[in-house]
Amino acid sequence: MYFFTGTGNSLHIAEEIANALSDCEIIAIQKGIDPEIPVGYERIGFVFPTYGWGLPIMVSDFLSKVCLSKQSNTYLFAVATCLGIAGNAIPQANVLLKEKGCRLNYGAKIRMFGNAVTNYDMNIKVDEITRRSEKRAIPVVRDIVNKTARRIPSIKKILNRFYLKYISDIPTTDEKLDVNDDCISCGICKSVCPAKNITLEDGKPIFHHQCERCLACIQHCPKRAINYDNKTQSRRRYTHPQVGNKKIANYYTNC
């Protein structure tokens, strides 16, 4: 099962699914990931957040390159985590897989804690919202265990126009990131970046304009030293209560 995450929401769902299955390997979608998937798997899944009512760029790129030519008998599923609606995320994934000669057997969304800190201050009811998302995940996990089939809808063109506009400036998001004097040179921002967009110079993060806008660097910074365009300094931070930066970094290190 493949996941992409910033705050840990999608990783948590991937782990919940894996725990319900036997012998399930979890792999992070990150820069440099091998698109070759060996044959012989009973299920292959993809778990990712929704960006602009569509796929994160890195997930889209991975699915466009992934090798699945010999997986015609494998149960393929996708789960999109989102604040409200998943939009075209699942249909986009299905279209990309169909170009590989296969298609999703199942797709679902799970509403979780909204954490686009560059757009809004986040809800204070973390525990309550997390409990609700845990309940929403139960039937999705059960469906995947049972290999439930579900028709995947077509891409909605009006949402796709918004999506294309939204993602057009994502790689340069980091041009508006700044690092203040509270930085303690811990390197957490570098370790949780799936795009490998951050290096440290004299202990301070430097951004290299291949950002995925996962905002992991902002959310996981223990000193709130990384901010965006003078908008996030006073806003709350969020990471999934059961997923810390060490767990995310470990997946990146071992992939």
Side-chain angles (χ1 to χ4, degrees), residues 1-7 9-14 17 29 35 43-66 68 71-72 74-120 122-123 129 132-133 135-144 146-173 194-195 211-215:
M1 181 162 37
Y2 293 84
F3 77 91
F4 177 82
T5 200
T7 62
N9 278 354
S10 294
L11 172 55
H12 175 70
I13 295 300
I17 297 169
I29 297 175
R43 298 174 183 83
I44 296 175
F46 310 94
V47 186
F48 43 78
T50 302
Y51 283 14
W53 295 331
L55 290 173
I57 295 175
M58 186 171 286
V59 176
S60 179
D61 287 347
F62 175 66
L63 291 177
S64 69
K65 297 173 183 175
V66 72
L68 286 165
Q71 305 284 0
S72 58
T74 302
Y75 178 80
L76 300 178
F77 66 89
V79 178
T81 59
C82 57
L83 169 62
I85 67 172
N88 283 331
I90 300 295
Q92 285 174 350
N94 193 42
V95 167
L96 291 170
L97 291 173
K98 286 168 72 174
E99 292 173 357
K100 303 295 179 180
C102 52
R103 64 179 63 200
L104 288 174
N105 300 102
Y106 178 85
K109 74 170 186 179
I110 298 176
R111 292 179 58 191
M112 301 188 74
F113 189 89
N115 52 70
V117 65
T118 56
N119 296 333
Y120 49 76
M122 292 172 289
N123 201 308
I129 294 172
R132 290 203 297 264
S133 67
K135 292 180 180 178
R136 294 186 184 110
I138 292 172
V140 174
V141 173
R142 183 171 60 242
D143 283 348
I144 293 168
N146 293 333
K147 293 186 177 180
T148 301
R150 176 180 291 179
R151 189 185 72 82
I152 307 300
S154 300
I155 289 176
K156 295 179 175 62
K157 292 182 179 180
I158 189 170
L159 294 182
N160 204 47
R161 287 196 293 271
F162 173 83
Y163 168 75
L164 292 173
K165 184 177 185 299
Y166 176 84
I167 66 170
S168 62
D169 65 344
I170 280 181
T172 56
T173 296
C211 184
E212 290 287 327
R213 201 179 284 175
C214 72
L215 306 180

Any pair with a residue in residues 157-168 that passes salt bridge (Lys or Arg N to Asp or Glu O under 4.0 Å), sequence neighbours left out, goes on the list, sorted by first then second residue, please. none
When you look at CZ of Arg103, are more than 12 heavy atoms from neighbouring residues, nucleotides or ligands closer to it than 6.0 Å? no
Got Leu97 and Phe46 here, is their nearest side-chain heavy-atom distance under 4.5 Å? yes
Residues in ring pair (Phe, Tyr, Trp, His ring centres under 6.0 Å) with Tyr106, at least two apart? none
Locate the shortest heavy-atom distance separating Ser10 from Pro49; write the atom from each residue and the value. OG-N, 3.3 Å
Mind checking what makes side chain to side chain donor-acceptor pair (under 3.5 Å) contact with Lys98, not counting sequence neighbours? none
By side chain to side chain donor-acceptor pair (under 3.5 Å) - contacts of Asn94 (at least two apart): none
Any side-chain heavy-atom pair of Arg213 and Asp169 under 4.5 Å: yes
Heavy-atom side-chain proximity of Thr74 to Leu68 below 4.5 angstrom: no
Side chain to side chain donor-acceptor pair (under 3.5 Å) involving Arg150 - partner list, sequence neighbours excluded: none
Kindly write out the residues that satisfy side chain to side chain donor-acceptor pair (under 3.5 Å) with Asn119, not counting sequence neighbours, or none if the list is empty. none
Pairing residues for Phe3 by the ring pair (Phe, Tyr, Trp, His ring centres under 6.0 Å) criterion, not counting sequence neighbours: Tyr251
Can you tell if the side chain of Cys82 reaches within under 4.5 Å of the side chain of Trp53, non-hydrogen atoms only? no
Counterpart residues, side chain to side chain contact (heavy atoms under 4.5 Å, CB included), relative to Arg43 (two or more places apart): Leu21, Tyr75, Phe77, Ile144, Lys147
Specify the closest pair of heavy atoms between Tyr51 and Ile170, including all atoms of both residues, with the distance to one decimal. CD2-CD1, 4.4 Å
Measure from the side-chain N and O atoms of Asn105 to the backbone N and O of Leu76, and report whether any donor-acceptor pair falls under 3.5 Å. yes
Is any side-chain heavy atom of Ile13 less than 4.5 Å from a side-chain heavy atom of Met112? yes
Quick one: pull up OG1 in Thr81 and CZ in Arg136 and give me the separation to the nearest 0.5 Å. 12.0 Å
Taking only residues two or more places apart in sequence, or in another chain, which ones meet Tyr166 in a ring pair (Phe, Tyr, Trp, His ring centres under 6.0 Å)? none
Pairing residues for Cys211 by the side chain to side chain contact (heavy atoms under 4.5 Å, CB included) criterion, not counting sequence neighbours: Thr173, Asp174, Asn197
Return the set of residues passing side chain to side chain contact (heavy atoms under 4.5 Å, CB included) with Asn160 (not counting sequence neighbours), or none when no residue passes. Asn88, Gln92, Ile155, Tyr163, Leu164
If we only count heavy atoms from C-beta on, is the Phe48 to Ile90 side-chain gap below 4.5 Å? yes
Kindly give the heavy-atom pair with the smallest separation between Glu212 and Ala195, and that separation in Å. CG-CB, 3.8 Å
Check Leu159 against Gly87 and note the closest heavy-atom contact, atom names and distance. CD1-CA, 3.8 Å
Would you mind reporting whether Phe113 and Ser133 have side-chain heavy atoms less than 4.5 Å apart? no
For a quick test of reading the model, state the closest non-hydrogen atom pair linking Ile85 to Lys109 and the distance between them. CA-NZ, 3.9 Å
Rounded to the nearest 0.5 angstrom, the CG-CD1 distance for Asn123 and Ile129 is 4.0 Å
Show which side-chain atoms of residues 54-65 pair as donor or acceptor with protein atoms under 3.5 Å away, not counting sequence neighbours.
from, atom 1, to, atom 2, distance (Å)
Ser64, OG, Ser60, O, 3.4
Ser64, OG, Asp61, O, 2.7

